[in-house]
Amino acid sequence: MKISVIGAGNVGANTAYTLALKGVANEIILIDIFKDVATAKAMDIYQAACVFNADIRLKGGDDYELIKDSDIVIITAGSPRKEGESREDLLLKNAKVVKNASQNVAKFAPNSIIIVITNPLDVMVLVALKFSGFSKNRILGMAGELDSARLKYEISTLKGLNASTFDAKVIGTHNDEMIISSSNLSINLTQSEFETIKNETKNGGAKIVKLLKTSAFYAPAAGAVKMCEAIKNGSDEILSGSVVLDENLASGRLIRLNRAGLAEILKPKLSQNEQDELKNSELKISENFKFLRENLQ
Ligand code: APR
């Protein structure tokens with residue numbers, strides 16, 4: 001399998017590194033506007049793979065020709081959040097980058113599946129849809145696996161539990177209005193534990209930005225790699241991921257993936273209140289996309 005990663009910064013390089021060490025792909029490409037950075041990081045990761053005698057080829061550069069015949073292209077290019085910035089602050093700036101990347105993916109890897117990581121995530125999924133011209137099943141966004149991992153982290157640390165012993169999934173938009181429902185949890189929590197865990201999870205990204213002065217990258221990279229594994233293996237595993245629900249709305253749902261991309265969207269099992277919350281939070285995605293349609297040349 002050939003996987004290309006656009007953006008060789010924190011998220012992109014760690015995605016390539018994790019893909020290489022887990023052996024998900026045997027060919028990996030790193031693209032960045034900074035050619036030397038992409039070249040050097042690809043070299044370094046290739047050498048790391050050689051430490052483990054992994055059968056893998058990596059190349060980096062700024063030429064999109066390199067991504068030719070990719071099965072999957074992961075878009076991470078764009079700016080991360082700084083302290084005090086919301087993901088929406090990145091809207092127009094990152095939309096230009098994702099537009100350019102998507103057009104190049106359509107040109108050089110027309111049969112690939114795109115996984116977007118650039119924020120604000122759900123809107124960027126729509127930008128990739130519009131400018132790649134790909135069908136809906138070949139455009140995915142990585143956020144749900146990250147938010148779900150943050151939820152698992154909070155439960156694991158609060159309750160002292162091994163994260164492999166329970167399941168927890170987050171759906172909805174990749175912002176503070178994400179939906180954390182007890183119907184997507186396999187363990188029972190008291191109301192007060194549930195509220196604490198919910199708040200901490202919603203604040204999970206911001207906590208890292210505050211300490212690190214930039215946004216997280218190991219867990220986002222892991223989330224994308226997990227989606228690549230599911231695409232490759234076409235297993236029955238249920239993941240959380242951002243998907244195109246109509247041409248003006250993308251948001252997180254429980255999904256199944258296979259070699260064709262999106263195989264199935266599961267209907268959310270939510271209370272009436274949660275359904276209303278989900279619907280309201282998703283209005284903002286469509287509004288932001290409307291703004292982009294009017295302002296993105
Ligand atoms: N084409 C290719 N690469 C680009 C472009 C472009 N048009 N514009 C920027 N880049 C590259 C930068 O040169 C940089 O190497 O994207 C990379 C971004 O890396 P970082 O600044 O380290 O940001 P990172 O932490 O990786 O976050 C990237 O993922 O999680 C999201 O919110 C995050 O939107 C952000 C994205």
Side-chain angles (χ1 to χ4, degrees), residues 4-19 29-42 44-45 60-67 70 73-109 114-128 131-132 140-147 149-150 173-176 178 204-225 227 241-242 252 288 292 296-297:
S4 296
V5 182
I6 316 301
N10 284 333
V11 176
N14 278 291
T15 301
Y17 183 56
T18 310
L19 285 169
I29 301 296
L30 257 184
I31 298 283
D32 202 282
I33 34 168
F34 294 111
K35 181 181 178 182
D36 291 351
V37 171
T39 306
K41 289 191 182 182
D44 192 11
I45 296 168
D62 61 356
D63 182 357
Y64 271 93
E65 183 89 39
L66 287 168
I67 74 167
S70 296
V73 181
I74 303 171
I75 301 178
T76 78
S79 301
R81 280 198 289 170
K82 310 250 166 17
E83 194 176 353
E85 262 185 337
S86 74
R87 294 184 183 93
E88 274 70 25
D89 288 333
L90 306 173
L91 191 58
L92 195 52
K93 191 161 59 165
N94 282 354
K96 288 180 185 161
V97 174
V98 173
K99 173 185 171 183
N100 174 264
S102 306
Q103 287 171 329
N104 276 303
V105 176
K107 183 170 172 197
F108 292 99
I114 296 179
I115 301 176
V116 186
I117 307 188
T118 307
N119 276 311
L121 193 267
D122 304 292
V123 193
M124 293 303 133
V125 169
L126 294 169
V127 172
F131 292 102
S132 67
L140 304 164
M142 195 301 301
E145 280 304 309
L146 169 63
D147 291 327
R150 287 180 172 152
T173 57
H174 183 46
N175 56 27
D176 299 350
M178 63 184 77
K207 282 193 276 189
I208 290 180
V209 174
K210 190 165 193 298
L211 292 167
L212 205 57
K213 313 298 174 214
T214 189
S215 57
F217 39 91
Y218 295 115
V225 172
M227 292 176 82
S242 184
N288 282 342
L292 285 181
L296 185 64
Q297 298 314 319

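Ligands are counted one by one from 1 in listed order, and the atoms in each one are counted from 1 as well. We're numbering straight along the sequence, starting at 1.
- The two residues V105 and V73 make their nearest non-hydrogen contact at CG2-CG1, 3.7 Å.
- Applying the salt bridge (Lys or Arg N to Asp or Glu O under 4.0 Å) criterion to K210, with sequence neighbours excluded, gives no partner residue.
- Residue contacts with ligand 1: D32 is placed with a nitrogen or oxygen under 3.5 Å of a nitrogen or oxygen of the ligand (distance criterion only).
- The line from CG of L146 to CZ of F217 is 13.0 Å long, rounded to the nearest 0.5 Å.
- For atom 30 (O) of ligand 1, the closest non-hydrogen atom on the protein side is N119 ND2, 3.7 Å.
- Taking a 4.0 Å cut-off on heavy atoms, P220 fails to register as neighbouring ligand 1.
- For ligand 1 and V11, the ligand atoms under 4.0 Å from any heavy atom of the residue are 24 (P), 25 (O), 26 (O), 27 (O), 29 (O), 30 (O).
- At distances below 3.5 Å, not a single donor-acceptor pair connects side-chain atoms of D44 with backbone N or O atoms of A40.
- Nearest heavy atom pair, residue A109 against residue I67, reads CB-O, 3.7 Å.
- Residue-ligand proximity, N94 to ligand 1, at heavy-atom distances under 4.0 Å covers atoms 34 (O).
- Given atom 19 (O) of ligand 1, the protein heavy atom at minimum distance is G9 CA, 3.2 Å.
- Taking every non-hydrogen atom of F34 and a distance limit under 4.0 Å, the qualifying atoms of ligand 1 come out as 13 (O).
- For atom 21 (O) of ligand 1, the nearest protein heavy atom (residue, atom name, distance) is P80 CD, 3.5 Å.
- Looking only at heavy atoms of the protein, atom 18 (C) of ligand 1 is closest to G78 O, 3.2 Å.
- Ranking the protein heavy atoms by distance from atom 28 (C) of ligand 1 puts T76 O, 3.0 Å first.
- Scanning both residues, A38 and A8, for their nearest heavy atoms gives CA-CB, 3.9 Å.
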Kindly list each side-chain donor-acceptor pair under 3.5 angstrom involving residues 119-128, sequence neighbours excluded, with atom names and distances?
from: N119; atom 1: OD1; to: L121; atom 2: N; distance (Å): 3.1
from: D122; atom 1: OD1; to: S242; atom 2: OG; distance (Å): 2.8
from: D122; atom 1: OD2; to: H174; atom 2: N; distance (Å): 2.8

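- Taking each heavy atom of D89 and G84 in turn, the nearest pair found is OD2-O, 4.2 Å.
- Taking distance alone, with nitrogen or oxygen atoms compared against 3.5 Å, N10 approaches ligand 1 more closely than that limit.
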(request) Give the C-alpha distance, both sets of side-chain angles, the deciding distance and a yes or no for side-chain contact (heavy atoms from CB on, under 4.5 Å) between T76 and V5. (result) CA-CA 7 Å; T76 78; V5 182; 4.1 Å; yes
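- A heavy-atom separation below 4.0 Å is not found between A101 and ligand 1.
- Close approach of ligand 1 to T118 (heavy-atom distance below 4.0 Å) involves ligand atoms 34 (O).
- Numbered from 1 in the order shown, with element, the atoms of ligand 1 that lie under 4.0 Å from a heavy atom of V97 read 5 (C), 6 (C), 7 (N), 8 (N).
- Per-residue contacts place S79 under 4.0 angstrom from the following atoms of ligand 1 (heavy atoms of the residue considered): 34 (O), 35 (C).
- Of the protein's non-hydrogen atoms, I33 CG2, 3.8 Å is the one closest to atom 1 (N) of ligand 1.
- Nearest heavy atoms, A224 versus I117: CB-CD1, 3.6 Å.
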